[in-house]
Amino acid sequence: MTGVRTVKNYINGKWIDAECDSCLDIENPSNGQIIAKVPLSTKAESERAVVAARAAFPGWSNTPVTKRVAYMFTLRRILQENEEKISRVLAEEMGKSLPDARAEMKRVFQNIEVACAAPMLQQGDKLIGCAAGIDGEVIHLPIGVFAAITPFNFPAMAPFWFIPYALVTGNTFIIKPSELTPLTMEVMTRYIDQLGLPPGVFNMVNGDKTAASAFIDNPDVNGVSFVGKSATCRIIAEKCAKANQRYQAMGSAKNHLVVMPDYVKMDELIRNMSTSCFGCAGQRCMASSAIMAIGDEMYKKVSEKFIEDAKKFIVADPLDPKVAEEPMLMGPVITAQSKEFIHKMIETGIKEGATLALDGRDIKIPGSDNGYFVGPTVFTDVKPGMEIHKTEIFAPVVVILKVNSLDEAIKIINDHQYANACSIYTQNGYYARKFKLEANCGMIGVNVGIPAPVPFLPFGGMDDSMICDIKMQGKPAFNFYTENKVVVERFWKED
Ligand code: NAD
């Protein structure tokens, strides 16, 4: 294919052509058109970024925190000025709607804002008089070189769960964006380049797991953040632990929504649930994909109304000007392989005996024949343990289960492999309290369909949804990126 540009790497303050021979086509999932190529950088190319980041560390870590933060203030301004441009790149390569892309950008800005509190949040503690004439002090020091490996579904926000925090705390950084959606980070790197950071402080290497693997088990990389499938989290967690590298590994999800029989605000409930399930075509780690209604009556009401509302989603190319600003717009799923997997899972659900109450497989989008669209799909009569309940389908495919009590719903949630988030809908304080204490997920919602914490709060799941022990965002981010060195000191009076 001629005329299709190849994305570059950004190493040591320079845009560099990758030296590798192989590239991957970046497709617009709405129409299958190739919009660019991404190089599958070699391990050696990633290692070059590590060398640059390591060389930049002494100077950057000794730069006053106020100056480091000032770069982030500028970055926030530039990104805000270009929000619409970035959102369009994001919507084109990932397939989410423009309102969704803009919402993602808001999270980018908020993460930068929280990181800009570094002069407060990086402060240490001092205890005068731990013992006679002895003081104790905790100081939070930058550590060295950090890398992040991010997934396709949040090409702007996921990198910014890490970049601002790593940089303000005095570390140097390498991002390896998803090979499926590298263009958003490419455009954002152009703005980072305008900051005039010292070379090597921020680097970007494109590629797949080969490029990413250079950061893991590498003594020159002090820490790795990974967001992606749980199976990959496990590999990364094991290797990093063995190499004594710091790591974060945020994995897959199957988020449950529980509707209690007391809930009466049906219209708000249904719209809240359907946007949680079908927004971003179900490809959010915080998307809900399993609904549990308590009791026969609520199960019947929820199933009927939810399916009715699901049919109201407009499925289209998110950049089609006729519908681009629609709030109930759903774009394509990310790849042909993903669509094929989703179809296979729908077949599995039918074979397992669930009722396919709404089938999104045959959807046709005029003018987007080659896009990877799946319409809203709903299974009812689903039983816990069916494959369609166990598996993260990462699609606009929702399973509805009838359960008899809150205890039973909590047990189903707690027995599930994934424990990223879950929500309850109730006006009853007793049920809400019981749910937030007993449901074992990292993020809990009460009458909120997507309980995604704002960046002032920590973000992360439990069980197989988070295979590490330190969350992202907020105060934990400052802990991850700093060494809490403890000083015990004593001075004698001069003779
Ligand atoms: P993925 O695991 O396929 O890829 C994620 C990143 O890992 C990519 O950059 C990829 O190149 C890299 N990678 C793949 N295999 C690797 C390996 N063996 N070693 C090192 N790097 C490797 O995930 P995806 O399909 O891009 O993203 C979707 C998944 O991410 C879903 O499971 C979703 O739930 C999860 N996710 C989780 C969160 C969270 O906060 N828990 C947030 C967003 C997405």
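When a ligand or atom number is given, it counts from 1 through the structure's own listing order.
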To which protein heavy atom is [atom] closest, and what is the distance rounded to 0.1 Å?
atom                    : result
atom 14 (C) of ligand 1 : Thr232 CG2, 4.0 Å
atom 7 (O) of ligand 1  : Phe226 CE1, 3.0 Å
atom 24 (P) of ligand 1 : Phe152 CD2, 3.7 Å
atom 2 (O) of ligand 1  : Lys229 N, 2.9 Å
atom 28 (C) of ligand 1 : Phe394 CE2, 3.7 Å
atom 40 (O) of ligand 1 : Phe459 CE2, 3.4 Å
atom 41 (N) of ligand 1 : Gly251 O, 2.9 Å
atom 12 (C) of ligand 1 : Ile149 CG2, 3.5 Å

I want to confirm something. Looking only at heavy atoms, which of [options] is nearest to [atom]?
atom                    : options                        : value
atom 5 (C) of ligand 1  : Asn206, Val227, Ile235         : Val227
atom 31 (C) of ligand 1 : Lys254, Glu392, Lys176         : Glu392
atom 35 (C) of ligand 1 : Ser230, Pro151, Gly228, Cys285 : Gly228
atom 20 (C) of ligand 1 : Gly461, Cys233, Ala212         : Ala212

Between Cys233, Cys285, Ser465, Cys468, which is the residue that forms a side chain to side chain contact (heavy atoms under 4.5 Å, CB included) with Met250?
Cys468
Passing option when Val403 is tested against Val259, Ile412, Ile410 for side chain to side chain contact (heavy atoms under 4.5 Å, CB included)
Ile412
Quick one: side-chain hydrogen bond (donor to acceptor under 3.5 Å, both in side chains) partners of Asn440, sequence neighbours excluded?
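Testing Asn440 for side-chain hydrogen bond (donor to acceptor under 3.5 Å, both in side chains), a comparison that skips the adjacent residues, returns none.
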Residues in side-chain hydrogen bond (donor to acceptor under 3.5 Å, both in side chains) with Asn420, at least two apart?
none
For Asp208, is at least one N or O under 3.5 Å away from an N or O on ligand 1?
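No, since none of the N or O atoms of Asp208 sits under 3.5 Å from an N or O of ligand 1.
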Would you say Asn153 has any N or O atom under 3.5 Å from an N or O of ligand 1, going by distance alone?
no
Would you mind telling me if ligand 1 is within reach of the side chain of Glu179, the backbone, both or neither, using heavy atoms under 4.0 Å?
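Within the 4.0 Å criterion, Glu179 contacts ligand 1 through side-chain atoms alone.
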Between Thr150 and ligand 1, which residue portion shows a heavy-atom distance shorter than 4.0 Å: side chain, backbone, both, or neither?
backbone
In terms of the angle between their ring planes, are Tyr71 and Trp60 parallel, tilted or perpendicular, with boundaries placed at 30° and 60°?
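Ring orientation of Tyr71 relative to Trp60: tilted.
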Could you label the plane-to-plane angle of the Phe459 and Trp161 rings as parallel, tilted or perpendicular, counting under 30° as parallel and over 60° as perpendicular?
tilted
Checking Thr377 side chain against Gly375 main chain: does a donor-acceptor pair fall under 3.5 Å?
yes
Do Phe162 and Phe226 make the cut of ring centroids closer than 6.0 angstrom?
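That pair fails the under 6.0 Å test.
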Tell me the closest heavy-atom pair linking Ile163 and Phe173, and the distance in Å.
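Taking every non-hydrogen atom into account, CG1-CE2, 3.4 Å.
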Residue Met250 vicinity, atoms of ligand 1 by number, heavy atom under 4.0 Å
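In order of number, 39 (C), 40 (O), 41 (N).
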List ligand 1 atoms under 4.0 Å from Ile236, heavy atoms only on the residue side.
20 (C)
As a test of understanding, state which of Thr6, Asp25, Asn206 forms a side-chain hydrogen bond (donor to acceptor under 3.5 Å, both in side chains) with Lys37.
Asp25
